[in-house]
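Heads up, the thing below is written out as structure tokens.
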Amino acid sequence: LSDHLASRLEVGQILQSGQVPVTILRAAVIIGSGSASFEIIHNLAKRLPVFICTKWLHTLCQPIAIRDVLAYLIGILEEPRTHGKCFDIGGPEVLSYCDMIRMVAHELGKSLRAYHLPISIPPLEAYLLSITTPVSYPIIRALLEGLRNETVVKNNEIAELIPIYRTSCRKAIRLAFSRISQQSVETRWSGTPGHFRQKPYLGHISDPLPRQRVYRDKQEREFAVDIWTLYRAVAQVGGDVGWYYASWLWRLRALLDRLVGGPGFRYGRRHPQDLIPGDTVNFWRVENVVRPIYILLRAEMKLPGVAWLEFRLNSTPDPLRTRLIQTAHFHVDDMMGDLYWYAVSPLHYFVFAGLIEGIGKAAVTMAEHESHLAEIADHSLTDV
């Protein structure tokens, strides 16, 4: 077994060695929104036009829907004959990982071309997958190492003790997509730090450490939208909408960061238009949020200093006008930090000015769209 699968067995043995009766359910891939395996498969099918199917991805497994896992968990509480035992659980189909990726692509309306290779290099594959999916390198590496073992149900005794209707893999995928479209996914793997750990910083955005120098780029605009609409436009930055202006430059910076050991351009978000402390926004970590007036992002990329991106939203006497103050902060304590700031300063005028202008345009578009929907609803009510 791989270290990952062996550790799962060991955890079960440790728990069963205690005095409390423990029932173990052993599952392969769990299909559901928020599942690490599903996020990898989903993002591969979504982002890649061509997929290289390596040797280990032909390994067979028996995926199971999250609702079936929950049904079994509830069932063992009500069935004494299951107490203290170990059961394999799985869905009605045995598939390869390549089969599942094709199935997800089909549900996304994509025609994914797959090319097969007779070899597999897990470290390289894990690295490439960590770039294109929200899941961090260590987790992907552990999962890939386990692909050399088939995870197919061998002991189906639980079907007699807890008979349930098992959900097909395709239906489980559709249910997961429904949860994602409803923005009801509570946890995502995009927030895991992986092999990169941010160093603690004892200073503060407005109170640097002794001998540190502070550089700032401040942009300020007023937009003809209410404060909540502008907040949503700010909070969705870095997700599917990108960075509003010159997103390719942000991606290039992320690629350079990844080459020197930083987190790079992390995909995936907990919510498309809201943030909480601890969320990730590509190579930024959300440090503070006060809805709808304040968002603070701290850079996790490799830098010769400490950087933040701060957004303050101020109301005006006119409730349909809001002022946005966007400030990039950079604290440095040596010459390398000074050189870095001055080297990238020529781009700041375009990137940060374009960012705040793009936020404003997006907010205005959102307000106009919501106003149009309200008019349609009014007309519908009038017709009724």
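By convention here, the first residue in the shown sequence is residue 1.
With hydrogens and angles ignored, the 3.5 Å screen pairs a side-chain donor or acceptor of R166 with a backbone N or O of G91. Remark: side-chain polar atoms of D257 are not paired, donor with acceptor, to backbone N or O of A254 under 3.5 angstrom. For the pair Q212 (side chain) and L209 (backbone), a donor-acceptor distance under 3.5 Å is present. At least one donor-acceptor pair under 3.5 Å links the side chain of R285 to the backbone N or O of G278. Listed for the T82 side chain is a donor-acceptor partner under 3.5 Å among the backbone atoms of I76. Not one N or O on the side chain of N314 forms a donor-acceptor pair closer than 3.5 Å with the backbone of R323. A donor-acceptor contact shorter than 3.5 Å links the side chain of K110 to the backbone of L48. Without hydrogens or angle criteria, D279 side chain to I276 main chain gives a donor-acceptor distance under 3.5 Å.
Ring centroids of F177 and H42 are separated by less than 6.0 Å, placing the two rings close together. In this structure, Y340 has its ring center under 6.0 Å from that of F330. Remark: aromatic rings of Y245 and F350 are distant, center separation not under 6.0 Å.
In this structure, the side chains of Y97 and V29 come closer than 4.5 Å at one or more pairs of heavy atoms. No side-chain heavy atom of P304 sits less than 4.5 Å from a side-chain heavy atom of V332. Side-chain contact check for W243 versus V281: some heavy-atom pair is nearer than 4.5 Å. Within the 4.5 Å cutoff, the side chain of W284 has heavy atoms near those of the L309 side chain.
Classification of E145 and R141 as a salt-bridged pair holds, one side-chain N sitting under 4.0 Å from a carboxylate O. For the pair E157 and K85, the salt-bridge criterion is met [side-chain N within less than 4.0 Å of a carboxylate O]. Look at R312 and E310 and you find a salt bridge, because one of the NZ, NE, NH1 or NH2 atoms lies within 4.0 Å of a carboxylate O, short of that distance. Between R291 and D274, at least one side-chain N (NZ, or NE/NH1/NH2) sits under 4.0 Å from a carboxylate O, which counts as a salt bridge.
Each salt bridge (Lys or Arg N to Asp or Glu O under 4.0 Å) pair with one or both residues in residues 326-343, not counting sequence neighbours, appears once here: R213-D338. Sorted by first and then second residue, the salt bridge (Lys or Arg N to Asp or Glu O under 4.0 Å) pairs involving residues 26-37 (not counting sequence neighbours) are R26-D88.
The two residues P292 and I227 have their closest heavy-atom pair at O-CG1, 3.6 Å.
At a cut-off of 3.5 Å, with distance as the only test, a side-chain donor of E287 or W308 sits close to an acceptor on the other residue. Side-chain contact annotation: Q236 with Y244, donor-acceptor N/O pair under 3.5 Å present. Side-chain contact of T54 with E125: a donor-acceptor pair under 3.5 Å is present, judged by distance alone.
Residues that satisfy the disulfide bond (SG atoms under 2.5 Å apart) test with C86, not counting sequence neighbours, are absent from this structure.
The structure places CD1 of I101 at 8.0 Å from OG of S96, a figure rounded to the nearest 0.5 Å.
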